[in-house]
There are 2 protein chains.
Amino acid sequence: MTKGVAFRRKTMRDIAREARVSTATVSRVLNGSVPVNPETRKRVEQVVRKHHFVFDSLAGGLATRRSRLIGLIIPTLINSIYAAFAQASQAAAQSQRYTVLLGVSEFSPKQEERLIEQFIAHRVEALILTGADRPARTYQQMRRNQVPFIITWKSTGREDLPSVSFDNRLAAGQAMRFLFERGHRRIGLICGRTEVNDRARERREAYESMLKEHGLSLNPGLVHECDFEFEAGRRAMQKMLSRRAPPTAIFCANDIQAIGALTQCRAAGVRVPEEVSIIGFDDLPISTFVEPQLTTVNVPAAEMGRLAAESVIRHLATGAPLDSIILPTTLVIRSSAGALRSEAK
Amino acid sequence: MTKGVAFRRKTMRDIAREARVSTATVSRVLNGSVPVNPETRKRVEQVVRKHHFVFDSLAGGLATRRSRLIGLIIPTLINSIYAAFAQASQAAAQSQRYTVLLGVSEFSPKQEERLIEQFIAHRVEALILTGADRPARTYQQMRRNQVPFIITWKSTGREDLPSVSFDNRLAAGQAMRFLFERGHRRIGLICGRTEVNDRARERREAYESMLKEHGLSLNPGLVHECDFEFEAGRRAMQKMLSRRAPPTAIFCANDIQAIGALTQCRAAGVRVPEEVSIIGFDDLPISTFVEPQLTTVNVPAAEMGRLAAESVIRHLATGAPLDSIILPTTLVIRSSAGALRSEAK
DNA sequence: CAGCTCCATGTAAGCGCTTACATCAGAATC
DNA sequence: GATTCTGATGTAAGCGCTTACATGGAGCTG
């Protein structure tokens with residue numbers, strides 16, 4: 001592996017020497033910005049190819065103050081809805097010759113802050129973030145360093161916090177409305193941990209305010225916050241079912257937990273949707289491959305990822321302001337939720 | 001956003017001036033390598049904090065020829081087994097102060113090659129790759145640029161292609177052996193596209209050679225290659241079931257397709273495992289949340305991701321050779337596969 | 001007290017690019 | 001033929017770090 005002499009990659013200087021031009025000309029050929037005599041160009045290109053010259057983005061970035069790097073920070077990849085989002089972002093960035101730095105915060109603001117600082121040190125040109133919930137210090141850090149950022153998965157409604165998202169409240173409302181319209185009143189909620197997840201918080205708020213709207217009081221025993229794991233959803237459902245008056249419907253603020261809940265019903269011999277309706281959130285591909293098929297709220301994860309990257313790149317290229325986008329969500333009615341049966345209440 | 005004057009981040013020079021030391025001393029304080037007088041150190045640290053100085057990795061990398069960047073290239077994030085792998089890699093890199101460049105190749109060697117070149121331009125210190133199937137040119141490109149790489153998800157058995165993986169053949173063999181031991185002889189295979197996926201190829205080879213070992217001839221109608229989608233698995237199963245003599249067992253080379261297959265059985269009223277046994281591969285979290293629970297081969301995705309990153313970083317730090325690791329896999333017996341019933345044959 | 005060590009710090013030359021500015025040959029103008 | 005213009009190219013000063021080497025003062029030694 002190690003040669004006798006220290007290894008040195010070819011530099012533009014080497015290319016320049018061999019092509020008998022200056023490094024400036026090599027740079028011009030490579031960037032194709034300024035016109036270069038076709039003969040010279042050809043000569044340079046030949047030498048570049050001959051030596052498999054690879055441009056040094058570190059040096060280039062240092063000189064131009066443009067790294068062609070974008071930072072993407074998500075809370076987890078385990079929930080495949082974020083994976084779909086990340087993949088779409090990466091693809092969009094890639095297609096514009098940007099490279100993605102990936103950070104997984106694991107729902108920890110500390111961890112996220114560390115990632116952001118690290119990414120800024122690497123001179124990312126922009127950041128794509130999940131949710132808006134972070135200390136003011138973190139926002140200052142980005143502003144101070146003039147790093148544009150865009151928030152995803154949560155619509156901020158604030159000029160100074162541009163976002164590409166859907167409306168979590170509205171989306172959760174679609175699910176809850178469905179249940180109310182079908183006659184359900186004793187409705188449980190299973191959702192993510194609201195103290196570290198503002199998307200879950202908004203969905204929970206929608207749940208609570210819809211209850212209030214219908215003159216129902218909040219029953220804390222009907223609300224379970226837990227991790228994004230099938231097993232957590234299952235356990236939450238188990239607790240709900242063991243109540244003297246179990247809910248007739250459950251709104252799960254994500255499909256992972258919904259599938260956990262569904263599984264528990266099956267294990268407990270509780271029929272879905274006859275005895276209890278379950279409604280999910282995300283519309284994961286798996287949701288049509290469980291029994292019964294999951295009624296859920298479709299969220300445009302991939303589109304959001306793509307748009308976030310495109311929008312931030314457009315901003316970098318044109319200086320156009322980063323404005324917020326709100327994408328629609330749709331309730332996908334399948335079989336896991338239905339009308340309240342008389343015998344259930 | 002835009003100030004009157006062009007924005008300039010604080011540089012080490014600014015810090016040096018204000019702390020009345022040279023940039024060399026600032027650098028020494030920041031890196032903590034060379035001893036610095038405690039008073040001087042404190043003074044510098046104060047100024048650093050006061051101005052929220054952020055180190056410039058581009059400049060630092062240019063000077064040291066070490067970017068603290070690692071490239072991670074996977075075929076997809078949609079199959080959550082790769083997501084788990086990627087997340088573990090990222091976490092391990094993060095914990096050693098490395099940053100991950102993420103590339104998703106979508107099973108395209110062209111795309112992968114582009115990513116690799118781009119990553120080399122960004123001066124990644126190492127690459128973590130999926131599978132060993134790529135043109136010699138791509139390997140040359142990495143070697144020419146002295147970028148160490150490690151192959152994952154496939155054990156190469158070659159010194160010059162270090163890998164952190166499990167043995168796909170062995171693992172697939174575990175599944176097949178289980179079926180043989182339970183009396184199955186007409187066994188179908190559903191797997192990924194072997195022309196773009198050498199992991200799938202190895203699993204298919206194991207399937208074929210186990211058939212041969214048992215004196216069985218390969219029936220092409222019993223083999224389906226398709227994408228990593230539930231729906232693709234479902235369709236493949238549909239075709240199998242519509243045969244005049246459907247297989248009594250199916251080996252699915254990944255859980256996604258296995259779950260698709262399972263779903264199709266349910267839809268077609270074919271009981272699993274009574275009428276047909278289904279065995280998966282990956283042991284995704286979802287596999288215990290489907291009905292019946294999936295018998296599958298557990299692969300150490302997260303551990304592999306972590307080890308790949310750690311091993312490559314150790315190599316960078318110590319120069320220790322990158323040697324290959326083979327991790328064990330285990331067959332997890334649940335309910336979707338069972339003994340051949342007499343009436344089935 | 002000359003000579004030596006040792007430690008903390010400074011000096012300055014890069015790292016591999018970009019780009020403002022200078023240069024220069026040839027074409028065009030008068 | 002002198003002047004001006006134009007287009008292609010070169011020159012060289014950075015970009016913000018690191019680090020080999022130089023420096024200089026303090027503390028020892030004999």
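A note on names: the letters A, B, ... follow the listed sequences, proteins ahead of strands, and every chain is numbered from 1. In this text the structure is predicted, and so the values were computed from the model without any measurement. Hydrogens, waters and symmetry mates play no part in the numbers below; they use all other heavy atoms, side chains included.
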Taken to the nearest whole Å, CG/A:Asp56 to P/D:dC15 is 18 Å
Between the protein and nucleotides 8-12 of chain D, which nitrogen or oxygen pairs come in under 3.5 angstrom?
from, atom 1, to, atom 2, distance (Å)
D:dT9, OP1, A:Thr40, OG1, 2.4
D:dT9, OP2, A:Asn37, N, 2.8
D:dG10, OP2, A:Ser22, N, 2.8
D:dG10, OP2, A:Ser22, OG, 3.1
D:dG10, OP2, A:Thr25, OG1, 2.7
D:dG10, N7, A:Arg28, NH2, 2.7
D:dG10, O6, A:Arg28, NH1, 3.3

Axis-to-axis angle across the helix from C:dC1-D:dG30 to C:dC30-D:dG1, five pairs each end, nearest 10 degrees, ~ 50°
A:Arg65 CZ to D:dG14 P, in whole Å, measures 12 Å
Heavy atoms of B:Leu316 and B:Ala126 approach each other most closely as CD1-CB, 4.2 Å
From CZ of B:Phe55 across to P of D:dC15 the rounded distance in Å is 17 Å
Exercise. Would B:Gln118 and A:Gln94 count as having a side-chain donor-acceptor pair, cut-off 3.5 Å?
Worked result: yes
Salt bridge (Lys or Arg N to Asp or Glu O under 4.0 Å) with B:Asp14: of B:Lys50, B:Arg8, B:Arg9, only one passes, and it is B:Arg8
From CG of B:Leu58 across to C1' of C:dC15 the rounded distance in Å is 12 Å
Under a 4.0 Å N-O cut-off, is there an ion pair linking A:Glu113 with A:Lys110? yes
Atom CZ of B:Arg123 and atom C1' of C:dC17 are separated, to the nearest Å, by 11 Å
* What class does the angle between the rings of A:Tyr139 and A:Phe149 fall in, given that below 30° is parallel, 30 to 60° is tilted and above 60° is perpendicular? -> tilted
A:Leu62 CG to D:dT18 P, in whole Å, measures 12 Å
Note: for A:Ala59 and B:Ala63 on DNA chain D, the residue whose nearest nucleotide lies more 5' is A:Ala59
A:Leu30 CG to C:dT19 C1', in whole Å, measures 15 Å
- Message: Taking the side chain as everything from C-beta on, heavy atoms only, tell me whether B:Asp56 gets closer than 4.5 Å to B:Thr11.
- Response: no
Residues of residues 8-16 of chain B with a heavy atom under 4.0 Å from any atom of DNA chain D, listed by number, are B:Thr11, B:Met12
Interatomic distance, CZ@A:Arg49 vs CD1@A:Ile15, rounded to 0.5 Å, equals 11.5 Å
### Task
Establish, from distance only, whether the side-chain atoms of B:Arg114 and B:Gln111 form a donor-acceptor pair under 3.5 Å.
yes
Query raised in the report: Checking B:Asn79 side chain against B:Phe228 main chain: does a donor-acceptor pair fall under 3.5 Å?
Result: no
Open item on the list: Taking A:Arg134 first and then A:Glu112, would you say they form a salt bridge - that is, a charged N and a carboxylate O separated by under 4.0 Å?
Closed with: yes
Exercise for the section: Using a heavy-atom cut-off of under 4.0 Å over every strand shown, decide if B:Ser27 touches base, sugar-phosphate, or nothing. Expected result: base
To the nearest angstrom, the NE2-P distance between B:His122 and C:dG16 comes to 17 Å
Closest non-hydrogen contact found for A:Thr23 with A:Met12 is O-CE, 3.3 Å
